Structure formats: structure tokens, C-alpha cells
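A short write-up of the structure that comes next.
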Amino acid sequence: MKEITKKILQVERPLVTIGILTYKRPHLLPRALEAVARQTYQPIEVIVCDDATPGDENEKVVAAFKDKIPELKYLKHATNLGDIKSYYHLLEEAQGTFFMWLADDDEISPGFVEASVEALEEHPDVPFSNAYCQI
């Protein structure tokens with residue numbers, strides 16, 4: 001597909017924001033970021049929120065994905081806010097029409113975002129979509 005056609009398609013599609021919370025798990029974060037990088041849907045804004053992990057390992061992991069995920073942002077809290085406040089902070093930072101949370105150890109299939117957006121657009125009266133999860 002020509003580059004200009006890609007840009008036109010991206011402008012016409014709603015922005016999706018994926019908020020990823022992480023804390024002291026830089027060894028797991030690449031799994032979630034790789035899953036997001038493989039998504040067939042674009043445009044996706046990705047915000048990684050580090051809930052005050054000591055050191056800079058998480059920041060280095062995020063930096064390694066800048067080429068794979070163009071709209072990738074990294075936020076780091078100065079003090080640990082806990083899961084609930086951190087998840088809400090991600091939601092407040094989001095610019096997308098649609099938003100989803102993802103944990104640093106989550107993985108989604110390549111068509112997950114695309115299928116979710118299609119379902120939500122087809123049924124505007126439905127407030128959210130959820131994936132089947134097997135435990």
C-alpha cells in the first residue's frame with residue numbers, strides 16, 4: 001500500500017489508546033509492547049505508566065520499542081500511586097476515541113484492536129468490549 005494511502009486511512013479511523021501499567025517488571029513489559037506493535041489496526045497511541053519502579057529499566061524497554069510503535073509515550077510516577085490511581089491516570093492521559101487498559105504481562109492477538117473497534121462501531125449503544133479470557 002502506498003504511504004499516502006496509509007496516511008489517508010489512518011486519518012479516517014478513530015484513534016485508539018492503549019494504556020499499559022507497569023511496576024518492577026521490565027522482564028515482562030516487552031511481551032505487552034510486542035503484542036501492541038503487531039496490531040493490524042492503526043492509529044494506536046500507547047502510554048506506558050511506570051508506577052515508580054526504582055531505576056530506569058522500564059524506560060529502556062520502552063525506548064527500544066519507539067521504532068515499532070510511533071505513538072509511544074512513557075510516564076513515570078515519582079511515588080507509587082497503586083494500581084487504581086495509576087490506571088485512572090492512564091485514562092486521563094489518553095487522547096483516543098477508544099481506550100483499553102493492558103497490564104505489562106498481557107498479550108493480545110494481532111487483530112484484537114481491529115475487531116474490538118469494529119464491534120464497538122457496529123454497536124454504538126455498547127459501552128465496552130471485552131476479550132474471552134481462559135485461566
Side-chain angles (χ1 to χ4, degrees):
M1 185 181 310
K2 293 182 181 178
E3 191 62 33
I4 194 158
T5 306
K6 283 184 183 176
K7 288 182 181 181
I8 290 169
L9 287 174
Q10 288 178 357
V11 170
E12 293 175 359
R13 298 173 95 179
L15 176 66
V16 172
T17 300
I18 298 177
I20 302 174
L21 179 59
T22 189
Y23 179 65
K24 290 187 176 181
R25 301 198 309 179
H27 59 289
L28 296 176
L29 185 56
R31 176 181 172 170
L33 290 171
E34 191 61 51
V36 171
R38 290 191 311 258
Q39 290 305 299
T40 57
Y41 186 90
Q42 293 297 323
I44 296 176
E45 169 189 53
V46 180
I47 306 169
V48 176
C49 180
D50 184 338
D51 200 15
T53 300
D56 63 353
E57 288 183 63
N58 283 330
E59 187 172 9
K60 288 178 182 177
V61 170
V62 172
F65 279 85
K66 282 284 192 182
D67 290 339
K68 291 182 177 183
I69 305 170
E71 295 295 323
L72 179 59
K73 299 173 187 167
Y74 176 75
L75 309 172
K76 183 172 183 175
H77 295 151
T79 59
N80 187 288
L81 302 181
D83 291 351
I84 302 299
K85 286 183 181 179
S86 293
Y87 277 124
Y88 277 109
H89 183 227
L90 281 166
L91 186 57
E92 290 169 357
E93 292 291 323
Q95 300 296 310
T97 303
F98 299 109
F99 177 85
M100 74 174 284
W101 283 295
L102 202 63
D104 56 10
D105 63 344
D106 286 344
E107 186 173 0
I108 51 178
S109 62
F112 180 81
V113 172
E114 188 162 13
S116 296
V117 170
E118 287 174 6
L120 289 167
E121 288 182 324
E122 189 175 320
H123 303 282
D125 54 320
V126 175
F128 67 93
S129 73
N130 193 30
Y132 171 76
C133 184
Q134 184 174 352
I135 298 176

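Since we're looking at a predicted model, the values are computed, not measured.
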Only counting residues at least two apart or in another chain, list the ones meeting side chain to side chain contact (heavy atoms under 4.5 Å, CB included) with Arg31. Glu107
Which heavy atom of Pro26 sits nearest a heavy atom of Glu57, and at what distance? CG-OE1, 3.5 Å
Sorted by chain and residue number, the ring pair (Phe, Tyr, Trp, His ring centres under 6.0 Å) partners of Phe99 (sequence neighbours excluded) come out as Trp101
Honestly curious: do Leu90 and Leu72 fall in one hydrophobic cluster under the side-chain, below-4.5 Å linking rule? no
Here the gap from Leu21 atom CG to Leu29 atom CG, rounded to the nearest 0.5 Å, amounts to 10.0 Å
Can you name the residues that form a side chain to side chain donor-acceptor pair (under 3.5 Å) with Asn80, not counting sequence neighbours? Asp51
Same hydrophobic cluster for Ile69 and Phe98, using side-chain heavy-atom links shorter than 4.5 Å among ILVMFWY? yes
Between Leu15 and Gln95, is a side chain to side chain contact (heavy atoms under 4.5 Å, CB included) present by the stated rule, with each step listed? CA-CA 8 Å; Leu15 176 66; Gln95 300 296 310; 3.9 Å; yes
Out of curiosity, does Ile108 fall in the hydrophobic cluster containing Leu120 (side-chain heavy atoms, cut-off under 4.5 Å, transitive links)? yes
Any pair with a residue in residues 72-84 that passes salt bridge (charged side-chain N to carboxylate O under 4.0 Å, His left out), sequence neighbours left out, goes on the list, sorted by first then second residue, please. Glu45-Lys73
hydrophobic_cluster_shared for Tyr41 and Ile18, side chain cutoff 4.5 Å: yes
Note: Ala32 and Ala103 closest approach over all heavy atoms is CB-O, 3.6 Å
Salt bridge (Lys or Arg N to Asp or Glu O under 4.0 Å) partners of Lys85, counting only residues at least two apart: none
Identify, with sequence neighbours excluded, every residue that meets side chain to side chain donor-acceptor pair (under 3.5 Å) alongside Lys68. Glu34
Does atom CD of Glu93 have more than 12 heavy-atom neighbours, drawn from other residues, nucleotides or ligands, at distances under 6.0 Å? yes
Which residues pass the salt bridge (Lys or Arg N to Asp or Glu O under 4.0 Å) test with Lys60, sequence neighbours left out? Asp56
Who pairs with Glu114 by salt bridge (Lys or Arg N to Asp or Glu O under 4.0 Å), at least two apart in sequence or on another chain? Arg13
When rounded to the nearest 0.5 Å, the distance separating CG of Leu75 from CD1 of Ile20 is 11.5 Å
Quick test of your reading: applying side chain to side chain donor-acceptor pair (under 3.5 Å), list the pairs with at least one residue in residues 20-29, sequence neighbours left out, ordered by first then second residue. Thr22-Asp104, Arg25-Asp104, Arg25-Asp105
Would Leu91 and Tyr88 count as a side chain to side chain contact (heavy atoms under 4.5 Å, CB included) if you check the C-alpha gap in whole Å, the side-chain angles of each, and the deciding distance to 0.1 Å? CA-CA 5 Å; Leu91 186 57; Tyr88 277 109; 4.3 Å; yes
Would you sort out whether Val113 and Val117 count as a side chain to side chain contact (heavy atoms under 4.5 Å, CB included), showing the intermediate values? CA-CA 6 Å; Val113 172; Val117 170; 4.3 Å; yes
With sequence neighbours left out, which residue pairs that include part of residues 42-80 fulfil the ring pair (Phe, Tyr, Trp, His ring centres under 6.0 Å) condition? His77-His89
Show your reasoning for whether side chain to side chain contact (heavy atoms under 4.5 Å, CB included) applies to Val48 and Leu33. CA-CA 9 Å; Val48 176; Leu33 290 171; 4.0 Å; yes
Could you check if a side-chain atom of Val61 sits within less than 4.5 angstrom of a side-chain atom of Glu59, using non-hydrogen atoms only? no
Verify the cluster assignment for Ile47 and Met100: are they in a single hydrophobic cluster under the rule of side-chain heavy atoms below 4.5 Å apart? no
